[in-house]
Every structure is written in structure tokens, then in C-alpha cells.
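A short worksheet on the structure shown next.
For the numbers below, each heavy atom of this structure counts, side chains included, while hydrogens, waters and symmetry mates do not.
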Protein chains: 2
Amino acid sequence: MQNSFTEENYLKIIHALSGRDGVEVSTNALAESTSTRAASVTDMLRKLAEKGLIHYKKYQGVTLTESGEKVAIKVIRKHRLWEVFLVEKLGFGWDEVHDIAEELEHIPSEVLVEKLDAFLGHPKFDPHGDPIPDAKGNLTEPDYLILTDVQVSEKVLMMGVLDHAPSFLQHLDRSGITLGAVIEVKEINEYDKSASVQINGGPTLFISLEVSKNLLVQRR
Amino acid sequence: MQNSFTEENYLKIIHALSGRDGVEVSTNALAESTSTRAASVTDMLRKLAEKGLIHYKKYQGVTLTESGEKVAIKVIRKHRLWEVFLVEKLGFGWDEVHDIAEELEHIPSEVLVEKLDAFLGHPKFDPHGDPIPDAKGNLTEPDYLILTDVQVSEKVLMMGVLDHAPSFLQHLDRSGITLGAVIEVKEINEYDKSASVQINGGPTLFISLEVSKNLLVQRR
DNA sequence: ATATATTTTTAGGTTAGTCTAAATTTTTTA
DNA sequence: TAAAAAATTTAGACTAACCTAAAAATATAT
Ligand SMILES: [Mn+2]
Ligand SMILES: [Mn+2]
Ligand SMILES: [Mn+2]
Ligand SMILES: [Mn+2]
């Protein structure tokens, strides 16, 4: 039987909140992420548990079962492929595609996904640097650093973002910080941890700790 | 306020059943087309009337209001543009795209539709020969003939289909009858109105009245 | 023109997904 | 470790979209 939009969204969110080590996700965290109330979450959890998509013991939080994980990864695959389409083919900015992909990700049809994937040239990453699961459901999260972990005078490559909010992405656009940019940390301010960074050997700019915390980078 | 998938489907179907001259559509016809029961249709009609999308007087059938017509045409525009995308860009057959477009047509976002339209090169017709409404909502139905109206020895161009069923479209594929094909009527059988037609000056084949009734053509 | 058949609406229910308020369980604090 | 706080679940309701069965309106046929 088919899963509803709502069920798919829950599974995707549980996957995200559960993290790499599959830690239990709380009812309140889900209520927050789904913009619903805790009571509504409890109802949905009972249903997902009945369908065998999550492990759920009252008051103990939830994790995905293997079959729930499979569904979540399929949705993530579709979400990220559609984002690539919107940016690469239709010319949207990386700050504009999230909400649209949030709808497109629920269009059913295996063959649609696979044809889309081929049309896009089997991309490995979405416009925000997030890895795209392959057709078999393998999703390997690269081991990126957060910019706050980088020392003064180190040069790193910008690989992704943790915050996907349009306002953050637009801020990066204005600063010239795009995927693949070379970031050299020139100075870190002891007081507030703000940093002075040079982008692509060009302009130097100040970024707040808030920004540094949301930038995924990689040593070269 | 936003219209639901269900409401959009009703409006689209009312538009189709209402035809060019905007004739009243009956509750039963809608029940048939939506695969629901008449009682369910009545419920929905009351709601659509309250929203000002249809003209509805009990027992008298319904027609679209101007605002309902606008919504219907937007949905049709999206449906047909997505079908072009699926066929032209993703390589689907014209017999495979209807159900997927039936979902994609409900994705909201004006800008998405306009960017998709531009990406596709502002197509005027969908893969079944149906006209695509423009961004302003203008939809002009071309004046095609049905193949049954064509006399023996006339040559016509294949312009579209009335039946969109996969089985019918696959049958046309096997017969080599594609959009743009030249069809010359060689002979019409008096008894069952089946016909002998030559396709693109090449092979001659027999087609039943059932097929002829569903082929839209144009004199050259 | 009246009786019969058909169509449509109303009445009363169901399910999915949501809500608020109250009860219960778990966690934290003193 | 008992009391207070926080998190979670339960109880009871709501809306959208559907259903069946019965009633009412319209159309058809004698
Ligand atoms: Mn979603
Ligand atoms: Mn993304
Ligand atoms: Mn539809
Ligand atoms: Mn079509």
C-alpha cells in the first residue's frame, strides 16, 4: 500500500533528526519540525508503527525501521534530484527550490525518478551540497568539517550548508560564498568567534559565528 | 485561499465536460468522471459554489464561473506542459505520461510553470495534439476534423486524438499513426464504416470506425 | 395527466489528519 | 527521594472528502 504525503514527510523528518547513528527522535522534536502539536504526532506515530515503518515504544521516542528508512531515502532522493532539475535546467536560485521540491518529492513513479536522474546526468550532489542517494537506496554522507573547526591560515573548499533557509543562502550569494569556493581563514576573533575569511583568493570579508556554524567545508 | 487537488480536478473535469459552449454538466456525469458517487459530487458542488468557482442551482447542473474557468485553464496548462516535458526531455512515450501529469498539474508555483514553459521553448501543443493555454489563460481550440468526416481519396494531417487511453495510443504507435502523419483515405467500407488508409504514402492499413472516431485531422 | 423511472439531494457515517484540554509518565531539581 | 517541571499520551472534537440508504425533485412513458 501507498504512503501519504504526510507519512512521507514524517519519515523524512525522522531520518533527518535521527542522524547518522539513528538516535531516538522525540515527539516534541517532530511536532516542532512538522509544525503540528505533540498530540497529532502521537497519533501519526501510532499509525507509522502499525505500518512497520518506525520502532515506537510509548514515551521512548522513535527510530526508523529498515523499511521506513527505505521510504525516507527514496523521498530524499526525489527531493534532491528535483532540486538539481530546478537549478540546473530551469534556472532557479539555490535559495528558491526547497519549497517546490518539498511538493515534487511526493510524486510517485519509480520510472519518473530514474528517467529524471538519467536526464540530469546522475548527479551525486544537490544544489546545497547534499548527497543524492543512488537508485538502490545507498546514501553516503561525506565527512565534511564545519568551518568553525578550521584553524587560522587553513585553506578549505566550500562543500555545503547546514541551514537551507533562503535568507541564509541569499546572504552567502551576496558574500560570494558558493559551492566549490576556496575559503582561507585569515583571522578568528577571540571575543565572538567571528572570522575574517578570503574567498577564492579575492576579497576578504567578516563572517559571524552563526554563518561559520552553517558552512560545510573540506581540506584540500 | 488555495484550492485542493480534489477541487482542481473537479474544475478541470467540469471544463472538459462543459465543452466549448459551456453547457451545464450533470451530477452523474461528474460522479462518473471522478469515480465517486453522486452524493459526494453534490457535497463538492456546494463547496465550489460557495467559493464562487461554479454556477450551481440544485438539480440544474453546473457551469464554471469566470474565476473557476481561470483555475481550470491554469491546471490544464500545467498538465500539458508537464506532458511535453515528460515526452520531450525525459523520453516517455505519449501513452505513459497522462497519469504522472495528473499529479504534477497540482504542484503550485506560478514561477515554476513559467520557467518550465520557457525551458520547453513555449510549446503550443502537448504530445496528444491538445493546445496549451498561454500564460494569460488564453486557450484556443483548433478546428480539427474527425477522420470519420473525411471523404475517400482525401489526404489529411494527423493532428491529435480524442481518446487518451494508453491502449489506444499504443495501437496508433503499432500502426505508425503519429502526430503529423499524412493519412490518405483509400476506401470506406459501407457496412461497418471501417476504412483503408495509407500512412505517409507508405503502408496501407485497415482501421475500425472506433479508431477513426478518435483521430483529429486537418486538411492540408 | 398520471404513474413510473431516473436523477439529484439529504441524512447520517467513516477515515485521515489535525486541534485543545486533561491525564499520565518521565525527567529534573531540591 | 519526594516534589515540581516537562514531555507525552489520551479523550473528545473538527474539517475534507468520501460512502450508503432514503427522500425529494425532475424527466419519461403510457
Ligand atoms: Mn514534502
Ligand atoms: Mn537541498
Ligand atoms: Mn489531477
Ligand atoms: Mn495530453
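Around atom CZ of B:F206, no more than 12 heavy atoms belonging to other residues, nucleotides or ligands sit under 6.0 Å away. Around atom CD of B:E32, no more than 12 heavy atoms belonging to other residues, nucleotides or ligands sit under 6.0 Å away.
B:F85 and A:F85 have their aromatic ring centers within a separation under 6.0 angstrom.
With D:dT9, C:dC19, C:dT8 as the candidates, the nucleotide lying closest to the side chain of B:S26 is C:dT8. When the nucleotides D:dT9, C:dT20, C:dT18 are ranked by their closest atom to the side chain of A:T6, C:dT18 comes out on top. Across D:dA25, D:dC19, C:dC19, the shortest atom-to-atom separation from the side chain of A:T36 is found for C:dC19.
Within the 4.0 angstrom heavy-atom criterion, only backbone atoms of the sugar-phosphate kind lie near A:Y56; the bases stay farther away.
Between B:A29 and A:E7, the residue anchored nearer the 5' end of DNA chain C, judged by the nucleotide with its closest heavy atom, is B:A29. Both A:M44 and B:L45 lie close to DNA chain C; mapped to their nearest nucleotides by heavy-atom distance, the more 5′-ward contact belongs to B:L45.
At the phosphate of C:dT8, OP1 or OP2 sits under 4.0 Å from a side-chain N or O atom of B:N28. Using a 4.0 Å cut-off, some side-chain N or O of A:T27 falls inside it from OP1 or OP2 of D:dT9. Side-chain nitrogen and oxygen atoms of A:R37 include none within less than 4.0 Å of the OP1 or OP2 phosphate oxygen of C:dT18. In terms of phosphate contacts, A:R46 brings no side-chain nitrogen or oxygen within less than 4.0 Å of OP1 or OP2 of D:dT9. Distances shorter than 4.0 Å separate some side-chain N or O of A:K58 from OP1 or OP2 on D:dT10. For the OP1/OP2 pair of C:dT9 and a distance below 4.0 Å, the side-chain nitrogens and oxygens of B:T42 include at least one atom meeting the criterion.
Look at B:E24 and B:K57 and you find no salt bridge, because none of the NZ, NE, NH1 or NH2 atoms lies under 4.0 Å from a carboxylate O.
Regarding A:Y59, its OH atom lies at a distance of 6 Å from the P atom of D:dT10, rounded to whole Å.
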